[in-house]
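Structure first, then comments.
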Amino acid sequence: MLDINFIKENPAQVEKAIRDKGEEDISIVQKLLSVDEEWRTKVHKGDTLRSESNTKSSKIGELMGKGEKEKAQEIIKETSAMKEEIKKIDEEVKALQEEREKLQLRIPNVPHPSVPVGATEEDNEVFKTWGEPDQNEWRKPHWDLTERHGWIDFERGVKVTGAGFPFYVGAGAQLQRALINYFINTAVDNGYTELQAPYFVNEDSARGTGQIPDKEDMMYVIPRDGFFTIPTAEVPVTNFHRDEILEKGELPIRYVCHTPCWRREAGSYGKDVRGLNRLHQFDKVELVKIVKPEDSYDELESLREHAEGLLEALELPYRTLLMCTGDMGFTQSKKYDLEVWSPGQQRWLEVSSCSNFEGFQARRMQLRYRKEEKQIEILHTLNGSGLALPRIVSAILEAYQEENGKVRVPEVLKPFIGRDYL
RNA sequence: GGAGAGGUGGCUGAGCGGCUUAAAGCGCUCCCCUGCUAAGGGAGUAUACCUCCAACGAGGUAUCGAGGGUUCGAAUCCCUCCCUCUCCGCCA
């Protein structure tokens, strides 16, 4: 969420952000400000009353101590009367506070000035392209190859769990494991700290990174224990430092974490879900950064470059999109998407999304640092995939296949796989 | 899962209805003192929010695991939940 004081001081900028991100209703800003004003008034009134009541209560204590019970009784009468009023105001404050927070949570993050204004994916800017998209039509889509070699078993996945929960078998499993190792090792070489995280999170964590109240439907829920299965490692890893005040010397924080990710993906169909394109469970290596505000945009560029470096090392043609305001999502202030070329499907597949959230997540989870001895400031959070596994697996299978159906092992994976062909 | 003991500031730890403005110690910061060091003396040392102020800052409210309740008044009493430790059970 945005800082209420920022909204107060820059309402026009916030309204523009709402419009640019494709929301209709900008009246929410003024509504929030008026609720906030009312809330402040009530809080002040409640605090003042409580202050009076506290003073009187300690007076009672004093009188009781001296044995002046009658005088004490007088004051008890007064405070009893105040009690009702305080209770009433507290309830009003609580209601206003909930209203205020609800409105505040509906206001999207403000895009960075360098972000192109636009409505749909058509308006995204191609920031960079690398390699030549392979137009050879003989290349088969990955699902033909995996079926032929038995590397992925979709049918048994359906039997055991359901659609979107495949088994990886033999070299298929080995390829994926090699990629995970390669990605993590590279990140560690780049200065990230390796983390292994819980796969379930509680409600506070889901709220911290913004999955609830907004995107509840994307997650699987374990109601009996109050847990959510993680849709991305971003959730546990960013929440790792929730409600903390970090020291300057601890920054920047850079984590790499591999987890499975679970997404309900309600309403998906067709070629989007064919093969490995979209699954309910998939593996991902995630990069998370927690940095000082003044560093966050440099850190976003290095995050993007790190993710791009993985694709380059795998020699997979890709392009990087700078997402426009309308296509970038509610919580981001700037976002790059990396898309790998799938020669078997002749289309681009998103394999990474690198975002700067500025203080939008950190504010909600009270993630701060001590800037000066007496000055505490909200940190900036970033994350990016480095990388999402299944689509990389498909791109590798499709790009490294030979006409006889065999698939070569990418050079950088050979140390992990130990042979030239899968 | 069962039984018991607990959860207090950066840490250790006292307090178990009003003389607490959360004692004391440790740590940390600043100052003083002794030529340096050791020791000693003094002051300060949480977070969120609200109000006032141009600012430095001042005042207020809340927070003793979390949430409810009792009371004029709760760290202290009651209820629910969470977590930690010890023992038992189960187990990779």
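Numbers restart at 1 for each chain; the letters A, B, ... are given by sequence-line order, proteins then strands.
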(message) For RNA chain B, which residues of residues 39-50 of chain A approach it to below 4.0 angstrom with any heavy atom?
(response) Trp39(A), Arg40(A), Val43(A), His44(A), Asp47(A), Arg50(A)
(request) For RNA chain B, find the residues of residues 235-247 of chain A with a heavy-atom distance under 4.0 Å and give them by number; none if there aren't any. (result) Ile245(A)
(message) I'd like to know if the side chain of Asp327(A) and the backbone of Met323(A) have a donor-acceptor N/O pair within less than 3.5 Å.
(response) no
(request) Please identify each residue that fulfils salt bridge (charged side-chain N to carboxylate O under 4.0 Å, His left out) with Lys371(A), with sequence neighbours left out. (result) Glu377(A)
(message) Does this structure show an ion pair linking Lys88(A) with Glu85(A), if we count only N-O contacts that are shorter than 4.0 Å?
(response) no
(request) Tell me, with the steps shown, if Arg408(A) and Glu402(A) meet salt bridge (Lys or Arg N to Asp or Glu O under 4.0 Å). (result) CA-CA 8 Å; Arg408(A) 278 191 300 119; Glu402(A) 295 180 348; 3.5 Å; yes
(request) Answer yes or no: is there a donor N or O on one side and an acceptor on the other, between the side chain of His149(A) and the main chain of Gly405(A), under 3.5 Å? (result) yes
(message) Only Watson-Crick and G-U wobble pairs, only distances under 3.5 Å, only runs of 3 or more: what stems does that leave for RNA chain B?
(response) B:1-7 with B:82-88, B:10-12 with B:24-26, B:27-32 with B:40-45, B:46-52 with B:57-63, B:65-69 with B:77-81
(message) Please give the distance between the C1' atoms of G9(B) and G25(B) as a whole number of Å.
(response) 14 Å
(message) So, does Arg370(A) get its side chain near the phosphate of U47(B), meaning an N or O under 4.0 Å from OP1 or OP2?
(response) yes
(request) Not counting sequence neighbours, which residues clear ring pair (Phe, Tyr, Trp, His ring centres under 6.0 Å) with Tyr220(A)? List them please. (result) none
(message) Can you build the contact string for nucleotides 67-76 of chain B? Use B for base contact, S for sugar-phosphate-only contact, and - for no protein heavy atom under 4.0 Å.
(response) -----BS---
